[in-house]
Amino acid sequence: MNITSLQSHILKGEELSPGSTGDFTWILSAISLAAKAIAAKVRMARIEDVLGDHGGSNVHGETQQKLDVIANDILMTCLGNRPSVAVVASEEDDQPTILRRDSEGGKYCVVFDPLDGSSNLDVSVGVGTIFSILRNDPSIHGAVETLCQTGRKQVAAGYVLYGSSTVFVLTTGRGVDMFVLDSTIGSFVLVKSQLQVPTTGKTYSVNEAYRDTFPDGFRRYLDWAHQNGYSSRYIGSMVADVHRTLLKGGVFLYPPTKKNPEGKLRLMYEANPMAMIMEQAGGKALTASTTPVSSIMDIKPTAIHQRTSVILGSADEVDAVTRHLKQ
Ligand code: FBP
């Protein structure tokens with residue numbers, strides 16, 4: 001039986017990069033270790049009684065779930081043990097954390113959303129971890145300045161979906177690979193390499209409850225989709241909605257709304273990593289927070305927790321949305 005583990009797959013990838021030192025592989029092994037620990041916590045959450053509010057709120061003023069804090073601690077610990085990580089930033093922390101400075105090494109930085117969609121935990125709906133790996137530039141001293149690189153600068157990006165199975169989807173800029181956690185051997189096993197998103201898919205994914213506060217173009221698109229036999233799927237957990245879109249085709253949208261005129265989802269650790277995955281899989285990832293609509297990965301960030309609107313998925317379906325935005 002031919003089993004390719006995440007570790008061996010990454011090591012093989014390293015052979016393709018002359019001069020690679022293994023630092024990068026070490027970081028990905030930290031993220032996969034953290035993912036296994038978080039998966040176990042999510043699965044046992046109701047039994048171990050770690051569901052519900054933590055009692056505090058995060059920098060976004062959102063109620064923090066107990067598991068948000070647990071997942072954040074697990075990732076911080078696993079990444080903190082890796083000498084090649086200089087700076088980390090999390091959705092749950094107001095400020096980035098500098099782990100190592102200049103001469104202490106640290107070639108890379110990691111930004112992440114430890115538990116995306118955590119408001120769905122209580123009802124056992126799929127949640128996920130999203131991460132983005134960037135290079136550290138020791139000539140830049142400020143942690144925020146170091147991290148504020150466009151999505152095009154991402155060295156790798158991915159997510160872990162804690163759903164009916166635990167799925168790890170990764171890109172290092174050479175296509176998209178999918179792994180599933182085989183708990184009998186405790187390893188993420190390669191199940192699909194060079195994954196391509198279908199070019200079309202008659203499914204849109206958006207919270208239509210906010211429809212009346214969307215810009216006109218999005219409302220025109222939804223009317224057109226209704227008249228053209230589209231179906232709607234919305235879980236309310238970005239990782240789960242994007243994963244379905246990646247495998248089945250369609251489009252995932254989070255437009256500007258009255259409540260979030262610049263969009264709700266966070267650029268650095270939600271939109272950028274998902275955009276890299278989608279583009280590497282042959283899809284598209286755009287934002288309507290710029291005029292004209294542009295690629296999410298071309299946005300120059302100015303803040304760690306900045307938000308953006310999101311239109312991503314199958315190339316033809318993203319084009320169908322933008323056609324209506326331009327009218
Ligand atoms: P967090 O849970 O990490 O804050 O993520 C935000 C999120 O839950 C996404 O996963 C999801 O796509 C979106 O917000 C749902 O928003 P809404 O409830 O407004 O539709």
Side-chain angles (χ1 to χ4, degrees), residues 31 53-54 56-65 67-76 79-80 85-99 108-120 127-137 140-154 157-159 207 210 236-239 241-242 252 254-277 285-290 294-312:
I31 294 174
D53 303 358
H54 178 254
S57 60
N58 63 20
V59 59
H60 318 283
E62 292 158 349
T63 310
Q64 267 183 327
Q65 304 294 310
L67 272 166
D68 281 325
V69 177
I70 292 169
N72 198 43
D73 293 347
I74 290 171
L75 275 156
M76 282 294 185
L79 290 167
V85 180
V87 183
V88 289
S90 162
E91 179 194 37
E92 297 307 326
D93 300 325
D94 187 5
Q95 295 301 325
T97 304
I98 299 175
L99 298 168
Y108 297 101
C109 306
V110 185
V111 287
F112 57 88
D113 179 352
L115 212 53
D116 173 70
S118 55
S119 55
N120 283 316
V127 293
T129 295
I130 313 174
F131 64 90
S132 167
I133 303 178
L134 300 157
R135 286 191 197 291
N136 177 40
D137 178 346
I140 302 174
H141 292 295
V144 173
E145 294 73 19
T146 302
L147 293 174
C148 282
Q149 306 173 34
T150 68
R152 299 258 168 244
K153 294 276 177 63
Q154 294 177 99
Y159 59 82
N207 189 336
Y210 303 143
S237 188
M238 184 187 195
V239 173
D241 282 314
V242 170
F252 171 79
Y254 207 108
T257 62
K258 190 148 161 264
K259 188 171 165 216
N260 293 302
E262 72 293 9
K264 176 186 181 181
L265 301 172
R266 276 47 65 123
L267 175 63
M268 301 284 296
Y269 43 78
E270 290 176 324
N272 267 339
M274 292 305 200
M276 187 178 183
I277 293 271
L286 306 179
T287 176
S289 305
T290 58
S294 62
S295 289
I296 287 171
M297 290 204 284
D298 292 333
I299 301 172
K300 176 73 181 82
T302 52
I304 300 291
H305 301 291
Q306 79 180 70
R307 301 172 188 264
T308 182
S309 60
V310 168
I311 310 164
L312 58 79

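Because the structure is a prediction, the values reported are computed rather than measured.
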Distance check, rounded to the nearest 0.5 Å: [X] atom [atom1] versus [Y] atom [atom2]?
{"X": "Leu265", "Y": "Met238", "atom1": "CG", "atom2": "CE", "result": "5.0 Å"}
{"X": "Tyr108", "Y": "Leu99", "atom1": "OH", "atom2": "CG", "result": "15.5 Å"}
{"X": "Leu312", "Y": "Met274", "atom1": "CG", "atom2": "CE", "result": "8.0 Å"}
{"X": "Glu262", "Y": "Asn260", "atom1": "CD", "atom2": "CG", "result": "5.5 Å"}
{"X": "Ser118", "Y": "His54", "atom1": "OG", "atom2": "NE2", "result": "12.5 Å"}
{"X": "Tyr269", "Y": "Asp113", "atom1": "OH", "atom2": "CG", "result": "7.0 Å"}

[X] versus [Y], closest heavy-atom pair with distance:
{"X": "Phe131", "Y": "Tyr159", "result": "CE2-N, 3.9 Å"}
{"X": "Glu145", "Y": "Ile140", "result": "CB-CG2, 3.5 Å"}
{"X": "Ile277", "Y": "Gly158", "result": "CD1-CA, 3.9 Å"}
{"X": "Ile311", "Y": "Ala288", "result": "CD1-CB, 4.2 Å"}
{"X": "Asp137", "Y": "Thr146", "result": "N-CG2, 4.2 Å"}

Practice prompt. Quick one: list whatever passes salt bridge (Lys or Arg N to Asp or Glu O under 4.0 Å) with Asp68, sequence neighbours left out.
Written response: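 With neighbours one apart ignored, the set is empty.
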Worksheet item: salt bridge (Lys or Arg N to Asp or Glu O under 4.0 Å) with Arg152: which residues, sequence neighbours excluded?
Response: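 Salt bridge (Lys or Arg N to Asp or Glu O under 4.0 Å) check on Arg152 returns Glu279, Asp298.
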Check: [Y] and [X] side chains under 4.5 Å, non-hydrogen atoms:
{"X": "Gln65", "Y": "Leu115", "answer": "no"}
{"X": "Ile31", "Y": "Phe112", "answer": "no"}
{"X": "Met297", "Y": "Gln154", "answer": "yes"}
{"X": "Ile133", "Y": "Cys109", "answer": "no"}

Fill in: Counterpart residues, ring-ring contact (aromatic ring centres under 6.0 Å, His included), relative to Tyr254 (two or more places apart)
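In terms of ring-ring contact (aromatic ring centres under 6.0 Å, His included), with neighbours along the sequence ignored, Tyr254 is linked to no residue.
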Name all residues meeting the side-chain hydrogen bond (donor to acceptor under 3.5 Å, both in side chains) criterion together with [X]; count only those two or more places apart in sequence or in a different chain, and write none if there are none.
{"X": "Thr287", "value": "Ser289, Thr308, Ser309"}
{"X": "Ser237", "value": "none"}
{"X": "Asp53", "value": "none"}
{"X": "Glu270", "value": "Arg266"}

Between [X] and [Y] (side chain of the first, backbone of the second, donor and acceptor by atom type, cut-off under 3.5 Å), is there such a pair?
{"X": "Glu92", "Y": "Gln64", "value": "no"}
{"X": "Asp116", "Y": "Val239", "value": "yes"}
{"X": "Gln149", "Y": "Leu134", "value": "no"}
{"X": "His305", "Y": "Met268", "value": "no"}

List in chain and number order the residues that pass side chain to side chain contact (heavy atoms under 4.5 Å, CB included) with [X], two or more places apart in sequence or in another chain; answer none if no residue qualifies.
{"X": "Asn207", "value": "Ala209, Tyr210, Tyr234"}
{"X": "Gln95", "value": "Val144"}
{"X": "Ala89", "value": "Pro96, Val111, Leu147, Ile304"}
{"X": "Lys300", "value": "Cys148, Thr150"}

Fill in: Distance-only donor-acceptor check, side chains Asn72 and Ser90, under 3.5 Å
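Ser90 and Asn72 do have a side-chain donor-acceptor pair below 3.5 Å.
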